[in-house]
Number of protein chains: 2
Amino acid sequence: MPAEQRRESILSAATEVFGERGYVGATTDAVAKAAGVSQPYVVRMFGTKENLFLEVLHRALERLLATFRGVIAEHPDEVGCEPLAGRIGAAYADLLADRGLLLSLMQAFMLGADPVVGPAAREGFLQVYRLLREEAGFTPEQADQFLSHGMMLNTLVAIGMAGDYASDPRARELVDVCLPSKAPLVVALAKKPA
Amino acid sequence: MPAEQRRESILSAATEVFGERGYVGATTDAVAKAAGVSQPYVVRMFGTKENLFLEVLHRALERLLATFRGVIAEHPDEVGCEPLAGRIGAAYADLLADRGLLLSLMQAFMLGADPVVGPAAREGFLQVYRLLREEAGFTPEQADQFLSHGMMLNTLVAIGMAGDYASDPRARELVDVCLPSKAPLVVALAKKPA
DNA sequence: GTCTATACGGCGATAGAC
DNA sequence: GTCTATCGCCGTATAGAC
């Protein structure tokens, strides 16, 4: 397999593993197994585990920003208006289908104390905020609202508030209220069989 | 020192360390050093690192719930009304002064995939939600709103979006909008010197 | 381009003295 | 009640073959 393609598959696997177990909890071996290669090969290709995580973070951010820009480009007349906020929110929720993407971002956000990952995470968070303010035309209050519900979504997914817990009436109510479009997301929220 | 008091100081130290580094990233040795005891003593007293974290999680939740109940008890006439939501929100923000408390909670929320911590975290999150709904009289939408901004606050603190980053205009704007009462919180948000 | 073998360090946990 | 010493595992990273 060509290196470029192998690289992609490892990054994809790493995104899932980092999202599930966190930066520290994830092992290069787990990433390797998920990608179907040997552990030393993962390290060889990315230098260090830290470097691999930074790549995952960078790509997740690029994907997120590109998705938002796509929505804005499709509805340039709505910049600064309410409907656009709803569209971008829906786009965000759709990204949950990519198991690991938003979770990896969230894991990075929790690493603010890390001397290397911390600055990258802060810069990434700011990039999103700037896009909302400067490209989507959100007011500061709209951006706060949007990001807050994004963090809530991330947290609900990370904590695994679905699956069996949906049997609890309050848990069901909580998930129902917090999730915009329920149907596709229940799938994303439920733990994968593996 | 009596065992009970020693226990308290270790739990307090552990709350800070777990909040800063996460469950996996924190070491029993770092907790021991922060508490001024030897590493084996920490393990001896709590059995395992996992057990220690569960204790930290439990105590943080108790503290959070007790704080909310205190506010409700002081204003029983406001149950189900808007002003109470503001009071509870302010109480939540005040808890940030206790460095580590809300961060440890957030770290636990990110461990949904863990077979032991995961269920405890979900149950804790639900306890908070039930309190808001059943004791504070929040509507589901109010609870969503409250929890969302709580998760946002946690995230901003965890990512360390303060200190030097306050020089960035957008970062300052973001923090200013998301934080209810700014003055006391800037202290909590800024990284401690150690 | 990918693997096997392995060195090396760190961390949780145990043993046992005082 | 608290420590020192230490074991053993696991995970990152390196060396080197194919």
Side-chain angles (χ1 to χ4, degrees), chain A residues 1-57 100 104 107-108 110-111 113-118 120, chain B residues 1-57 100 104 107-108 110-111 113-118 120:
Chain A
M1 185 183 288
E4 189 56 33
Q5 190 175 340
R6 191 62 96 178
R7 203 183 159 80
E8 292 305 312
S9 80
I10 292 179
L11 278 170
S12 169
T15 302
E16 271 206 27
V17 174
F18 279 129
E20 190 95 0
R21 308 196 197 178
Y23 171 54
V24 196
T27 66
T28 54
D29 191 58
V31 172
K33 279 192 170 60
V37 295
S38 69
Q39 179 267 332
Y41 188 66
V42 171
V43 175
R44 170 70 70 98
M45 182 163 267
F46 293 91
T48 63
K49 174 183 168 178
E50 182 177 81
N51 229 309
L52 172 59
F53 185 70
L54 288 175
E55 284 256 18
V56 165
L57 169 59
S104 287
Q107 298 285 0
M110 299 301 292
L111 289 172
D114 185 284
V116 176
V117 180
Chain B
M1 185 183 286
E4 188 55 32
Q5 191 175 341
R6 193 59 99 179
R7 203 183 158 80
E8 293 304 314
S9 80
I10 292 179
L11 278 170
S12 169
T15 302
E16 270 206 29
V17 175
F18 279 130
E20 190 93 0
R21 308 196 198 176
Y23 171 54
V24 196
T27 65
T28 54
D29 192 58
V31 172
K33 281 192 170 60
V37 294
S38 70
Q39 179 266 331
Y41 188 67
V42 172
V43 175
R44 170 70 70 98
M45 182 163 267
F46 293 91
T48 64
K49 174 182 168 179
E50 183 176 82
N51 229 310
L52 171 59
F53 185 71
L54 288 175
E55 284 255 20
V56 166
L57 169 59
S104 286
Q107 296 285 1
M110 299 301 292
L111 289 172
D114 185 286
V116 175
V117 179

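Proteins come first, then strands; the chains are lettered A, B, ... in the order of their sequence lines, and each starts at number 1.
- In this structure A:R44 satisfies the side-chain hydrogen bond (donor to acceptor under 3.5 Å, both in side chains) test with no other residue, sequence neighbours excluded.
- B:Y23 is linked by a ring-ring contact (aromatic ring centres under 6.0 Å, His included) to B:F53, counting only residues two or more places apart in sequence or in another chain.
- Evaluation of the side-chain hydrogen bond (donor to acceptor under 3.5 Å, both in side chains) rule for B:T28 yields B:Q39 as partners, not counting sequence neighbours.
- B:M45 comes within 4.0 angstrom of nothing in the nucleic acid, heavy atoms only.
- For the ring pair (Phe, Tyr, Trp, His ring centres under 6.0 Å) condition, no pair includes a residue of residues 29-51 of chain B, sequence neighbours left out.
- Looking at residues two or more places apart in sequence or on another chain, you find a side chain to side chain contact (heavy atoms under 4.5 Å, CB included) between A:A26 and A:V17, A:F18, A:R21.
- As judged by a 4.0 angstrom heavy-atom cut-off over every strand, B:R44 is placed among the base-contacting residues.
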Which pairs, protein N/O on one side and nucleotides 9-12 of chain D N/O on the other, fall under 3.5 Å?
from, atom 1, to, atom 2, distance (Å)
D:dT12, OP1, A:A26, O, 3.4
D:dT12, OP1, A:T28, N, 3.3
D:dT12, OP1, A:K49, NZ, 3.2
D:dT12, OP2, A:T28, N, 2.9
D:dT12, OP2, A:T28, OG1, 2.7

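- Taking the side-chain hydrogen bond (donor to acceptor under 3.5 Å, both in side chains) definition, one finds that B:E8 meets it with B:R59, sequence neighbours left out.
- The stretch residues 25-35 of chain B participates, sequence neighbours left out, in these salt bridge (charged side-chain N to carboxylate O under 4.0 Å, His left out) pairs: B:D29-B:K33.
- Residue order along DNA chain D, read from the 5' end via each residue's closest nucleotide, puts B:A3 first among B:A3 and B:P40.
- The outermost nucleotides of DNA chain C lying under 4.0 Å from heavy atoms of chain B, listed 5' to 3', are C:dC11 to C:dG16.
- Nucleic acid contact for B:P2: none, since no nucleic acid atom lies under 4.0 Å from a heavy atom of the residue.
- Counting only distance, with no hydrogens or angles, the side chain of A:T15 and the backbone of A:G100 share no donor-acceptor pair below 3.5 Å.
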